[in-house]
Amino acid sequence: RRPQPRKISKKDEQQAKERAAAASAGGEAKASTPPEQNMGAMPSTIASGTLSTASSTLGRSRSRRLPGDGHAAPAGPPPRIRLVNDFAWLRKPEEALSDVERNAYALLYALSCCSADRLLDARGLLVWGGAVENAKGQISAAALHRALERLGVTHGFSDEAGIQAFVCLVDPHSGGLLDTMEVEKACVAVRKQRDARTGKTD
């Protein structure tokens, strides 16, 4: 004997329709929910952290002391400005040279010859002779005098005062000190001047 199918009452049919409608409404609500709400508070936390980081960075940049904003700039060594020395006294006729200029000419030529013999430039020669440079590459007249004695270079300056006159002639812009780069340039200028006078060509 086959079981008889259960008759669905109108009440059961109405409850099934209500459950189906409720399930459909719940699915649409989930589909329309933004990803930010599904992720919880994490995006707002990240945004808050980014904002706080940016604010702290801006605060640090504003706290720096910049020139012109009412605060003193950090102290540091002033930039050194090199003045061009054209060694105009080397272009004088030989008979117009003073005693200091004549002795300086001879000393520079001796330094250039000594540098060529040792395969050094004038600066390297003086340093090799014991002249100690300061942070700007300058030496004193006393240091130059000692270096010349150690190198065995003879010259017409009898004492340190004469060496000081040589220093002021070769480098008049260093406040009584001698820039070793100026010595190098002066040696090159003297060698060219002497070669031009004697007609020598390289």
Side-chain angles (χ1 to χ4, degrees), residues 60-61 64-69 71-202:
R60 287 196 300 269
S61 63
R64 294 176 182 173
R65 295 184 176 183
L66 300 176
D69 64 352
H71 299 284
R80 184 185 177 195
I81 300 176
R82 285 181 178 270
L83 300 178
V84 178
N85 188 2
D86 60 354
F87 306 107
W89 59 275
L90 290 175
R91 295 190 289 272
K92 292 181 180 180
E94 188 174 356
E95 60 275 7
L97 294 174
S98 65
D99 291 340
V100 173
E101 292 170 343
R102 188 175 291 106
N103 290 332
Y105 184 97
L107 176 54
L108 290 171
Y109 184 72
L111 286 174
S112 67
C113 293
C114 190
S115 299
D117 291 342
R118 289 171 170 79
L119 301 178
L120 295 170
D121 57 12
R123 175 190 173 277
L125 181 68
L126 293 176
V127 173
W128 185 66
V132 179
E133 299 174 316
N134 61 12
K136 298 180 179 180
Q138 301 166 329
I139 61 176
S140 63
L144 175 62
H145 197 190
R146 291 191 297 268
L148 293 175
E149 290 180 351
R150 292 173 183 173
L151 293 170
V153 177
T154 58
H155 50 83
F157 300 106
S158 58
D159 53 14
E160 192 173 316
I163 295 294
Q164 185 64 56
F166 168 82
V167 168
C168 294
L169 177 65
V170 174
D171 188 4
H173 307 301
S174 294
L177 298 176
L178 179 62
D179 192 326
T180 53
M181 292 301 296
E182 293 298 318
V183 180
E184 176 64 25
K185 292 191 292 184
C187 287
V188 172
V190 165
R191 179 61 70 96
K192 289 182 178 179
Q193 183 75 9
R194 189 177 182 88
D195 291 345
R197 288 180 180 179
T198 59
K200 181 180 177 181
T201 57
D202 294 333

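Heads up: numbering here begins at 1 and tracks the sequence. Small disclaimer: the values here were computed from a predicted structure and weren't measured.
Tyr105 places a side-chain heavy atom less than 4.5 Å from the side chain of Arg194. Ile163 has its side chain within reach of His155: a pair of non-hydrogen atoms, C-beta onward, lies under 4.5 Å apart. Counting heavy atoms from C-beta on, the side chains of Cys114 and Leu125 come closer than 4.5 Å. Asn134 has its side chain within reach of Leu177: a pair of non-hydrogen atoms, C-beta onward, lies under 4.5 Å apart.
With rounding to the nearest 0.5 Å, the separation of CZ in Phe166 from CG in Asp171 is 10.0 Å. Rounding to the nearest 0.5 Å places CG of Leu120 at 10.0 Å from CG of Leu126. Atoms CZ and CD, on Phe87 and Glu182 in that order, are 5.0 Å from each other to the nearest 0.5 Å. To the nearest 0.5 Å, the span separating CG on Leu90 from CD on Glu101 amounts to 8.5 Å.
The minimum heavy-atom distance between Arg191 and Ser112, with the atom names listed, is NH2-OG, 3.4 Å. Closest approach of Ala131 and Ala143 over heavy atoms only: CB-O, 4.3 Å. Scanning both residues, Ala104 and Phe157, for their nearest heavy atoms gives N-CZ, 3.7 Å.
Asp195 has no carboxylate O lying under 4.0 Å from a charged side-chain N of Lys192, or vice versa, which leaves the two without a salt bridge.
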query = Between Ser140 and Gln164, does a side chain to side chain contact (heavy atoms under 4.5 Å, CB included) hold up when you go through it step by step?
reply = CA-CA 8 Å; Ser140 63; Gln164 185 64 56; over 6 Å; no
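Judged purely by atom type and a 3.5 angstrom limit, Thr180 uses its side chain to pair as donor or acceptor with the backbone of Gly137.
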Distance-only donor-acceptor pairs under 3.5 Å for side chains of residues 144-154, two or more places apart:
none

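Every residue two or more places apart in sequence or in another chain was checked for a side-chain contact (heavy atoms from CB on, under 4.5 Å) with Ala135, and none qualifies.
For residues 115-126, the side-chain hydrogen bond (donor to acceptor under 3.5 Å, both in side chains) pairs, not counting sequence neighbours, are Arg123-Glu133.
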